[in-house]
Each structure stands twice: as C-alpha cells, then as structure tokens.
There are 2 protein chains.
Amino acid sequence: MKKNCPIYQVMRRMGRRWTILVLAELYKGRKKWKRYSEIKKKIPGLTPKMLSMRLKELEKEGLLKNRVDAKKFPVKSEYSLTKKGEDFFRVIDETKKWGLKWKVGNSDCPYVDCKECEF
Amino acid sequence: MKKNCPIYQVMRRMGRRWTILVLAELYKGRKKWKRYSEIKKKIPGLTPKMLSMRLKELEKEGLLKNRVDAKKFPVKSEYSLTKKGEDFFRVIDETKKWGLKWKVGNSDCPYVDCKECEF
DNA sequence: CGGTATCCTTTCGGATACTG
DNA sequence: CAGTATCCGAAAGGATACCG
C-alpha cells in the first residue's frame with residue numbers, strides 16, 4: 001500500500017467528524033439547494049463552527065458548491081452537491097446498508113421511506 | 001437525522017485514522033490469517049501503538065478475530081476478518097472506486113490486478 | 001515477535017459571544 | 001441569517017524505548 005492508495009487518500013479527507021453527515025443531508029429529498037440553517041438543524045450536536053469548517057473543506061475538495069444571494073437582508077446562502085459529491089452517494093449508501101445489516105450502534109433507521117432520513 | 005442513524009454510527013467507529021486501511025490489508029489476497037508484523041509493514045507510517053489500538057477496536061466491534069499461538073517463542077499472533085468484517089468490503093470497494101474515478105489526492109492505483117493492493 | 005509504556009504535540013471540537 | 005472569533009479542554013496521534 002502506497003501513499004496514493006485511493007482508500008488512504010479518501011479516508012484522510014472524508015473520515016473527519018460530521019463530514020459524511022453533512023453530505024448525507026445534502027442527498028436527502030428532492031430539494032437541490034439547501035441553506036446553512038437547514039443543514040444545521042438537521043444534524044444533532046453540530047455547532048456552527050464545525051458546519052462552517054466542513055462546508056469549506058467539502059467545497060475545496062469539489063464535492064459541493066455554494067451560491068449566495070446578498071441582494072437583501074438577511075443574506076441567503078445555499079449549498080448543493082457537485083457531480084463529484086453526488087457520486088459519493090454510493091459509498092454512503094453501502095455504509096448505511098452495512099450499518100443496518102449489522103445493527104451498528106443499534107442503528108434502526110429503516111432503509112426505505114425513512115421519515116427522518118428521507119433517504 | 002437521529003443519533004441512531006446508521007451513517008452516524010458507522011462513521012464514529014470506522015472514521016478514525018488507519019482503521020479502514022487495516023481492514024483493507026486484511027482483505028488482500030487469498031491468505032486468511034495475517035500476522036501483526038505483516039500488516040504493520042504494509043501500511044506506511046503506521047506505528048505499533050496505532051496498530052494495536054485499531055486491532056483491539058476492530059475486534060471489539062466484531063470485525064475481526066485474533067488467534068495466538070504461545071506454545072513457543074516467538075509468539076505467533078494472527079488476525080482474520082469475521083463475516084461482519086468481510087461484509088464491510090462493499091464500503092471499501094465503493095470508496096476505492098470513487099477515489100480512483102475522481103483522482104482524489106492523485107490516487108493512481110489501478111483497480112484490477114494491482115500489485116501493491118492485491119485487491 | 002508482538003506488543004506496552006511513556007511522553008509529548010497536534011488537532012479536534014464544544015461553548016459562547018459577536019457581527020454585517 | 002450566516003457565519004467569525006476566541007477560548008479552552010479533551011482526545012487523538014506520533015516517536016521512541018522497552019519488555020516477556
């Protein structure tokens with residue numbers, strides 16, 4: 001295994017706390033663009049600082065994009081996945097399946113039509 | 001999203017540095033049981049402390065099992081994946097595919113018949 | 001060989017207050 | 001609303017030495 005092993009590289013970027021949860025929130029439902037506060041209130045325990053950091057990292061890595069409407073107050077800032085970000089869905093999906101299959105940490109979210117996840 | 005969301009729970013366990021790389025080493029090749037030193041020398045930068053910690057965590061989580069032959073010196077300690085651990089392959093596989101597709105961190109390991117990965 | 005023990009540095013991340 | 005700034009404690013991780 002070398003330093004440029006994809007597993008090594010991906011995990012260094014995506015393995016930090018909240019990262020994958022933020023992405024998961026952006027996959028949900030049919031709504032493409034989501035606001036900062038929408039994301040924040042959906043993830044229990046997530047502080048504003050952490051959300052800001054993760055959003056910046058993900059934008060830098062090219063997994064999401066941000067658009068800001070500053071024409072009037074309050075400012076409207078929205079986030080959406082890029083193609084690269086959408087593609088990561090497969091990893092999250094397998095993660096979810098595995099977690100459910102093995103009841104990791106008593107995972108009990110139903111896989112289909114989950115009201116909480118909308119996944 | 002609740003605390004028992006599978007994605008949340010899985011990432012808290014598997015998102016730490018080296019964890020997934022250790023698992024990846026155990027998937028490789030046809031050899032079922034692998035020794036501590038075998039794993040260690042394959043992962044660049046991994047220290048003995050970190051390997052010990054991760055192996056213990058993974059055993060506790062039921063992803064791998066350990067067998068020790070202390071009948072003679074030096075002691076022989078070997079590790080192998082459980083069914084649960086093997087199952088996690090799907091997540092790692094998707095991670096690898098994604099990393100390669102998007103050249104994350106200049107990932108350049110060929111997907112099939114990779115000499116380094118044996119994956 | 002297969003780990004521990006120790007020490008030390010870095011990073012993470014929670015809380016809270018504040019601002020355009 | 002959408003963030004920053006600051007502070008601080010906790011946790012993670014690296015280096016290295018040592019041991020049965």
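Just so it is clear: chains get the letters A, B, ... in the order the sequence lines come, proteins before strands, and each one is counted from 1. Everything numeric here is computed off the predicted structure, so don't read it as measured data.
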Worksheet item: Is B:E86 salt-bridged to B:K83, going by a charged N under 4.0 Å from an acidic O?
Response: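 No, no charged N to carboxylate O under 4.0 Å.
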Discussion item. Between the side chains of B:E59 and B:K56, is the shortest nitrogen-to-carboxylate-oxygen separation below 4.0 Å, so that they form an ion pair?
Written reply: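 Judged by the 4.0 Å cut-off on N to carboxylate O distance, B:K56 and B:E59 do not form a salt bridge.
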Discussion item. Just N and O in the side chain of A:Y36: are any of them under 4.0 Å from OP1 or OP2 of D:dT4?
Written reply: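 A:Y36 to D:dT4 OP1/OP2: no side-chain N or O under 4.0 Å.
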Worksheet entry | Side-chain N,O (B:R35) to OP1/OP2 (C:dG2) below 4.0 Å |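 For C:dG2, OP1/OP2 do have a side-chain N/O of B:R35 under 4.0 Å.
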Is the backbone of [Y] close enough, under 3.5 Å, to the side chain of [X] for a donor and an acceptor to pair up by distance?
X      : Y      : value
A:S107 : A:K103 : no
A:K2   : B:P44  : no
B:K31  : B:L26  : no
B:T95  : A:I7   : no
A:Q9   : A:P6   : no
B:Y36  : B:K76  : no

Figure out the [atom1]/[atom2] separation between [X] and [N], and round it to whole Å.
X     : N      : atom1 : atom2 : answer
B:L51 : C:dA5  : CG    : P     : 16 Å
B:I39 : C:dG2  : CD1   : P     : 9 Å
A:E38 : D:dA2  : CD    : P     : 8 Å
A:M11 : D:dA12 : CE    : P     : 15 Å

Practice prompt. Find out whether the Lys NZ or Arg CZ of A:R67 is both under 6.0 angstrom from the six-membered ring centre of A:W33 and within 45° of the ring's axis.
Written response: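 Yes.
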Worksheet entry | Under 4.0 Å protein heavy-atom contacts per nucleotide of nucleotides 6-18 of chain C, with B for base, S for backbone only and - for none | BB----SBBB---
Worksheet item: Near DNA chain C, under 4.0 Å by heavy atom, which residues of residues 64-72 of chain B?
Response: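 The stretch gives none, as no residue of it lies under 4.0 Å from the strand.
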Practice prompt. Looking at every strand, decide which applies to B:S52 at a 4.0 Å heavy-atom threshold: base, sugar-phosphate, or nothing.
Written response: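 Here B:S52 touches the bases of the nucleic acid.
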Worksheet item: Mapping A:F73 and B:S77 onto DNA chain C by nearest heavy atom, which one lands closer to the 5' end?
Response: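 Mapping each residue to its closest nucleotide by heavy atoms, the 5'-most match is B:S77.
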Worksheet item: In terms of the nearest nucleotide of DNA chain D, which residue is placed more toward the 5' end: A:P74 or A:K56?
Response: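 Nearer the 5' end of the strand: A:P74.
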